[in-house]
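Not measured: the values here are computed from a predicted model. The first residue of the sequence shown is numbered 1, and numbering continues consecutively from there.
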Amino acid sequence: KKNITPLEGSLEKILKLSGYSYNWKSTGRTDIGVIAQEVEWVYPDLVHTDAKWVKSVEYANLVAPLIEAIKEQQKEIDALKSEVANLKK
């Protein structure tokens, strides 16, 4: 690997995505996931369009921004805990 840079603003980006339950048109099978077009607005590199214009999401590559979003949330939680502890004194 080269040109390694940390992800920034992951929480803000992840908050723009939503999870859905849906049925596949081709089989009727129920599934859960995200909508490729929504992911494409936030993380265009994670969405691929095939020759028939069907979009698919690289779900495994959503793990890194999810990890960073959790870390951002934890920093906020820790700051709030500290603030509450100071107010209780």
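For L80, the CG atom counts as densely surrounded, since its 6.0 Å shell holds more than 12 non-hydrogen atoms of other residues, nucleotides or ligands.
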Run the numbers on K55 and Q37 for side chain to side chain contact (heavy atoms under 4.5 Å, CB included), then give the verdict. CA-CA 8 Å; K55 295 183 181 291; Q37 289 82 350; 3.9 Å; yes

Does the side chain to side chain contact (heavy atoms under 4.5 Å, CB included) test come out yes or no for Q74 and I77, once each step is laid out? CA-CA 5 Å; Q74 191 60 49; I77 291 167; 4.0 Å; yes

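Under the 4.5 Å side-chain heavy-atom criterion for ILVMFWY residues, no single connected hydrophobic cluster contains both I67 and L11. A continuous path of Ile, Leu, Val, Met, Phe, Trp and Tyr side chains, each step under 4.5 Å between heavy atoms, connects L66 with Y20, placing both in one hydrophobic cluster. Follow the hydrophobic side-chain contacts under 4.5 Å out from V39 and you never reach L15; the two are in separate clusters. V42 is not connected to I70 by any chain of hydrophobic side-chain contacts under 4.5 Å among Ile, Leu, Val, Met, Phe, Trp and Tyr, and they are in different clusters. Linking Ile, Leu, Val, Met, Phe, Trp and Tyr residues whenever their side-chain heavy atoms come within less than 4.5 Å places Y59 and W24 in a single cluster.
A donor-acceptor contact shorter than 3.5 Å links the side chain of E72 to the backbone of S10.
Interatomic distance, CD of Q73 versus CG of D78, reported as 11.5 Å (0.5 Å rounding). The distance from the CG atom of L46 to the CD atom of E58 is 7.0 Å, given to the nearest 0.5 Å. Atom NZ of K71 sits about 9.0 Å away from atom CG of L7, to the nearest 0.5 Å. Distance check: N23 CG to T30 OG1 gives 4.0 Å after rounding to the nearest 0.5 Å. Distance check, rounded to the nearest 0.5 Å: CG of D45 to CD of E40 gives 10.0 Å. The distance from atom CG of L17 to atom CD1 of I35, rounded to the nearest 0.5 Å, is 11.0 Å.
For the 3.5 Å distance criterion, the side chains of E38 and Y43 fail to qualify, holding no donor opposite an acceptor.
A 4.5 Å side-chain heavy-atom check between D50 and S56 finds every atom pair outside the cut-off.
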